[in-house]
Amino acid sequence: MANNLVIVESPAKAKTIEKFLGADYKVTSSYGHIRDLKKHDFSIDIENKFQPIYEIPSDKQQLVSELKKAAKKAEMVWLASDEDREGEAISWHLSEVLELKPEKTRRIVFHEITKNAILNAIKTPREIDQNLVNAQTARRVLDRIVGFELSPVLWRKVKPQLSAGRVQSVAVRLIVEREREIQNFKSEESYRVTGTFAAKDANGQDILFNTELNQRFKTKAEAEEFLNQIRNATFEVKEISQKPLLRQPAAPFTTSTLQQEASRKLRFSVSQTMSIAQRLYEAGKITYMRTDSVNLSTLCLGASKEQILATMGEKYLKTRNYITHSKGAQEAHEAIRPTYMNQTSIEGTPVERRLYELIWKRTIASQMSDAQIEKTTMEIAINGVKLAKEDLHFVATGEVIKFDGFLKVYMESNDDETLEADRTDFGGTRLPNVQIGTAVKLDAAEAIQRFSQHPPRYTEASLVKKMEELGIGRPSTYAPTISTIQQREYVEKYDRPAEKCKITRIHLGNDGKIKSNEVEETVNNDRGKLVPTDIGLVVNDYLSEHFPQIMSYDFTATVEGDFDKIADGKMDWTTCLGEFYEMFHPLVVESIAERMDHKAGERVLGTDPKTGYTISVKISRFGPVVQIGAQSETDHPQFASLQKGQSINTITLDEALKLFQLPKTLGEFEGFPVVVGVGRYGPYVQTQGKYVSIPKGTNPLDMELADAVKLIESKRAEDSKKLIKTFDEEPELQMLNGRFGPYLARNGKNYRLPRNRDLESLTYADCIAIIEASEKAAEKKKK
DNA sequence: CAGTGAGCGAGCTTCCGCTTGACTT
């Protein structure tokens, strides 16, 4: 029987630690927090110094009673939750809830899961740090106050079921402001000139190399004039400079950087990355995946060194210690890294293997030498002609990797969205080996029209990056926050289809002829970018106007400063909250009391030609709508929801009026009317009681009878494939193909069928047996 | 790879951070 009970936060961690500690220690886990403020209740006694009212959530009650039992039996309980604010609170809640006696309770912490670290921790226990616990209480209570006082304001002033919070509202603000920047962006035209030159190398052979003119032209006329003038020019190498460059590897992965790289390199969503990483962690392949630390254990440093020496040699080795700089970092864990550095790849699903390899490469690269690069810049002077502009010359740059170092295994991607063609360097081009003063020959030159690009919209991952920079949110909340703001319909993912755009190109060939033509170019398609919805815009503007303090980008940083003071024992947590509440609560009261003669976001479009009533748009309790007739004009205003892609900010009177045409009858098919409309689940076509969804991208208003009939017929064809078979014994019972594979449908209930089985051979009796077995299993579960 | 297909009302909704499990028919 074990005399010692060790409690950590994660079961996977418990399993690992148990192996280090021998039979006298039982290691178990709390699965995170075991107690919290009541779920559906404010649960803070404001009058009584912000006393929090805690409860053990129902899904934790069994766990808690098991922990209690185990704690009673043990001679010593070791609270080994993380060393940060939340971890300290977990230990404190455990000691309270499990009623642990001080003489048989110890608090221990470790930063890496190694035998040494844990044995050391056991040798140096401490008390629970009440100041740190208080800091957590302050954090928890403040977030509850903000969330539970602000959200109801939105229910009244904008739309029910909305939410606001210290983190999510600021995340939405980032997206809203970026979108407005993009709207106000004025694209500027310019002409970028490139030139291809020929120079003789040592063997007397012509080598072609690319250059770019050091300035761009504003107009086509200027560009054309320039190309015209240089037809008679001579060119010579005026300057050559060589600069050695050192490039360093990126730091090991944190949650945020892993999400970013997996998004860029593997195209994973933030939540996808986290769930794959979770599986790798549970399988013991990688260290913990929710971390803000870039630190690697000495164990990992040693193993990486061995790996590099064994496979690449000493000149590739450079042991590095990384220091975490990010705002609000709490350093409870290591960076995300492979558990065993000599395991270059793993067994598993393709996505697991790819994510693992990404982590392995990033980690090993972080322990490798700098890459040595020689960057050569060559200036080509334009001689013999008088140019309209001064200081014009061509520039060629070449990069030669002298020593690859860490680049041998890993190269970090970046968010730079600039088109390849728009880059101003020619990195990697081989430049001819020539002296200053060498004459070179122009082979061809080209001026291409370019448009300056607006700042990029956020992706999930680049939003996480920005949030981390601002210190908003934690590794464990990045993914949930991003799904919350999408669930609330504040923002949505947006895919802009690739667009063709016409670009002017002026070409000067080596025959001296200038040709101008238009070429088609595909504009970089914007995939998976976050854009604000109407609701997001209205909520953001309302909150920014009434609660600028909460919406400020450094609100979190400011309160974090206070929490740090509380943790250091330099500030009382109730005083801190008192000050905050004094500022915040009156704003809430004031906002609720404020009379608004119009709804937030409301905009008048004009008057209805038929009735003369006012036509306006606003956010109703069911989302964005057009309304005909104001309260003062009629008791029965008419409403119509906006279509996907329409916005209350941009919709015109004509477009708004059109929405009232639905539902409309297009004509007859097989003697029955065909109706097009918009329902709860989007636009549809309906005939004879059967509904068919109208595919994305097609406007229901543009539908004609022929289109509708086509849809109905293809739907019928699809449905016929759905039915696998029926039984004479019971015609009501159908065997169908569904989204999750084959299933049986009877009396409105569905039963799953085994995949990979010859369904045709299943008899009626087999099916009934399957149904009965499944009913029984469901019964059992209820109990 | 399905199925669903209003109407502008009453009552409910909501936060952030720590963790994993559910199993869709």
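The sequence lines fix the lettering, A, B, ..., with proteins before strands; numbering per chain opens at 1. A quick note: this is a predicted structure, and the numbers were derived from the prediction, not measured.
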Applying salt bridge (Lys or Arg N to Asp or Glu O under 4.0 Å), which residue pairs with at least one partner in residues 130-154 of chain A are found, sequence neighbours left out? A:Asp36-A:Arg140, A:Glu86-A:Arg139, A:Arg139-A:Asp143, A:Asp143-A:Arg166
Whole-Å gap separating [atom2] ([N]) and [atom1] ([X]):
X        : N      : atom1 : atom2 : answer
A:Met289 : B:dC18 : CE    : P     : 12 Å
A:Ile90  : B:dT20 : CD1   : C1'   : 13 Å
A:Ile694 : B:dG5  : CD1   : C1'   : 12 Å

Dot-bracket for DNA chain B, 5' to 3', Watson-Crick and G-U pairs with both distances under 3.5 Å, [ ] for crossing pairs, | for partner on another strand, reads .........................
Check this for me: does any side-chain nitrogen of one of A:Glu88 and A:Arg107 sit under 4.0 Å from a carboxylate oxygen of the other?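 Looking at A:Glu88 and A:Arg107, the cut-off is met.
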Between A:Glu560 and A:Arg85, does any side-chain N to carboxylate O distance fall below 4.0 Å?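 Salt bridge flag = yes for A:Arg85 with A:Glu560.
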Taking only side-chain nitrogens and oxygens of [X], does any of them come within less than 4.0 Å of OP1 or OP2 of [N]?
X        : N      : result
A:Tyr288 : B:dT19 : yes
A:Gln686 : B:dG5  : no
A:Ser81  : B:dC18 : no

Quick one: on DNA chain B, does A:Tyr31 or A:Val625 contact a more 5' nucleotide (nearest heavy atom)?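 The residue mapped nearer the 5' terminus is A:Val625.
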Worked verdict on A:Val626 versus A:Leu642 for side chain to side chain contact (heavy atoms under 4.5 Å, CB included): CA-CA 7 Å; A:Val626 187; A:Leu642 264 64; 3.6 Å; yes
A:His93-A:Tyr54 aromatic ring centre distance below 6.0 Å: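 Under 6.0 Å, so yes.
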Under 3.5 Å, is there a donor-acceptor pair linking the side chains of [X] and [Y]?
X        : Y        : value
A:Tyr281 : A:Arg279 : no
A:Arg290 : A:Thr255 : no
A:Glu83  : A:His111 : yes

Classify A:Ser693 by what it touches in the nucleic acid, base, sugar-phosphate, or nothing, heavy-atom distance under 4.0 Å. base
Looking at every strand, decide which applies to A:Lys60 at a 4.0 Å heavy-atom threshold: base, sugar-phosphate, or nothing.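 No contact at all - A:Lys60 keeps every heavy atom at 4.0 Å or more from the nucleic acid.
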With sugar-phosphate taken as primed atoms, P, OP1 and OP2 and all else as base, the protein-contact string of nucleotides 11-17 of chain B at under 4.0 Å (heavy atoms; B, S, -) is BBBBBBB
Identify the two heavy atoms, one from A:Ser95 and one from A:Leu79, that lie closest to each other, and give their separation to 0.1 Å. CB-CD1, 4.1 Å
